[in-house]
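Let me begin by presenting the structure, written as structure tokens, before commenting on it.
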Amino acid sequence: PRHEIEQAILLFAERADAKGIELLAAVPASVPARLRGDAGRFRQILINLLGNAVKFTERGEVSVSVCSRPLEGGRVELGVEVRDTGIGMPPEVIQNLFQAFYQGEDSMRRFGGTGLGLTICKKLVEAMNGTIEVSSTPGAGSTFRFTIQAEAARTAAQPEPGQEALRGARLLIVHSNPSLRGMIRTCAGNWGMETVAVPG
């Protein structure tokens, strides 16, 4: 899952930078490094959700966070949250959002698109025994949450090059953006570093 999230983030990094918005992702060490599942479907869901989030966000940030829990039979439920600080949506838009060709109100239509992306996401999520939902506030952004199921990999992932050299090292994180501080802290914690994060 980390690899697919990183690749999806890279697709939108230049676009987000051009708009002056932060694009963040945090995958804690508790999430399995390797899973057996449909990487293509997982990637397509991420690309659709990230594409919309970046499109509808003019300032602030778009973030991806991940969690997991074990299921019976050696399976894992992976939970992904894509949050943005974009234009948001009223309840009447949310209730129709996953219908084909639905594009919402005028404030959303000006951004373009066919209205098929979220319908496809829903079908892909359900094909992997998962669910998808959204919460949103007009003017304050949207959060899409989805789960999928996958098999735990039989072989463990190899540690990243140089990871052992960082274990136990101390890191002071200074930044004005709390989400960015949290992302860096998660990554550093995955490498075994001791961190302190403060506003800058």
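FYI, side chains are in, hydrogens and waters are out, and symmetry mates aren't considered; it's all heavy atoms of this structure.
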**Request:** Would you sort out whether S63 and V82 count as a side-chain contact (heavy atoms from CB on, under 4.5 Å), showing the intermediate values?
**Result:** CA-CA 6 Å; S63 65; V82 178; over 6 Å; no
**Asked** Do any N or O atoms from the side chain of K19 and from the backbone of K55 form a donor-acceptor pair under 3.5 angstrom?
**Response** yes
**Shortest non-hydrogen contact between A25 and I5, atoms and distance** = CB-CG2, 3.9 Å
**Asked** Any side-chain heavy atom of F146 within less than 4.5 Å of one from I45?
**Response** yes
**Request:** Under the side chain to side chain donor-acceptor pair (under 3.5 Å) rule, what do S135 and R145 come out as? Steps first, then yes or no, please.
**Result:** CA-CA 9 Å; S135 59; R145 301 176 186 86; 3.2 Å; yes
**Message:** Side chains of I87 and P138, heavy atoms from C-beta outward: is any pair under 4.5 Å?
**Reply:** no
**Prompt:** Could you state the interatomic distance from CG (L124) to CZ (F42), rounded to the nearest 0.5 Å?
**Reply:** 12.0 Å
**Request:** Carefully, step by step, assess M89 and S142 under the rule side-chain contact (heavy atoms from CB on, under 4.5 Å).
**Result:** CA-CA 7 Å; M89 298 172 285; S142 304; 3.4 Å; yes
**Message:** Using a 3.5 Å distance criterion without hydrogens, assess whether the side chain of N48 forms a donor-acceptor pair with backbone atoms of Q44.
**Reply:** yes
**Fill in**
Heavy-atom nearest pair, V125 first then T147, reads CG1-O, 3.4 Å
**Request:** For P1 and P32, work out which heavy atoms get closest and say how close.
**Result:** CG-O, 3.5 Å
**Message:** Ignoring hydrogens, what is the shortest heavy-atom contact between V196 and R185? Give both atom names and the distance.
**Reply:** CA-NH2, 4.3 Å
**Asked** Can you tell me how far CG of L35 sits from CD of E77, rounded to the nearest 0.5 angstrom?
**Response** 12.0 Å
**Complete:** In short, G37 meets A150 closest at the heavy-atom pair CA-CB, 4.5 Å
**Asked** Would you say the side-chain atoms of R181 and S176 include a donor-acceptor pair closer than 3.5 Å?
**Response** no
**Asked** Going from CG on D38 to CD1 on I148, what distance comes out if it is rounded to the nearest 0.5 angstrom?
**Response** 8.5 Å
**Request:** Find the distance between CZ (R41) and NZ (K123) and round it off to the nearest 0.5 Å.
**Result:** 12.0 Å
**Request:** Would you sort out whether E6 and R2 count as a salt bridge (Lys or Arg N to Asp or Glu O under 4.0 Å), showing the intermediate values?
**Result:** CA-CA 6 Å; E6 286 172 1; R2 285 177 178 81; over 6 Å; no
**Request:** Answer yes or no: is there a side-chain heavy-atom contact under 4.5 Å between V198 and I173?
**Result:** no
**Request:** Check whether any side-chain heavy atom of S136 lies under 4.5 Å from a side-chain heavy atom of T143, and answer yes or no.
**Result:** no
**Message:** Counting C-beta onward and ignoring hydrogens, is there a side-chain heavy-atom pair between N129 and R75 closer than 4.5 Å?
**Reply:** yes
**Asked** Between T195 (side chain) and L171 (backbone), is there a donor-acceptor pair under 3.5 Å?
**Response** no
**Prompt:** So which heavy atom on S68 is nearest to which on V76, and how close?
**Reply:** CB-CG1, 4.0 Å
**Item:** S179 side chain reached by R83 side chain, heavy atoms, under 4.5 Å
**Value:** yes
**Request:** Give, for atom OG1 of T57 and atom CG of D84, the distance between the pair rounded to the nearest 0.5 Å.
**Result:** 3.5 Å
**Prompt:** Any side-chain donor paired with an acceptor under 3.5 Å for E61 and T85?
**Reply:** no
**Request:** Quick one: do V31 and L78 satisfy side-chain contact (heavy atoms from CB on, under 4.5 Å)? Show the steps, please.
**Result:** CA-CA 8 Å; V31 173; L78 193 67; 3.8 Å; yes
**Message:** Applying a strict under-4.5 Å side-chain criterion to I, L, V, M, F, W and Y, I'd like to know whether L50 and L11 cluster together.
**Reply:** yes
**Prompt:** Taking atom OG of S65 and atom CG of L24, what is their separation to the nearest 0.5 Å?
**Reply:** 10.5 Å
**Request:** Show the numbers, then the answer: is there a side-chain contact (heavy atoms from CB on, under 4.5 Å) between F144 and L97?
**Result:** CA-CA 11 Å; F144 284 83; L97 202 56; 3.7 Å; yes
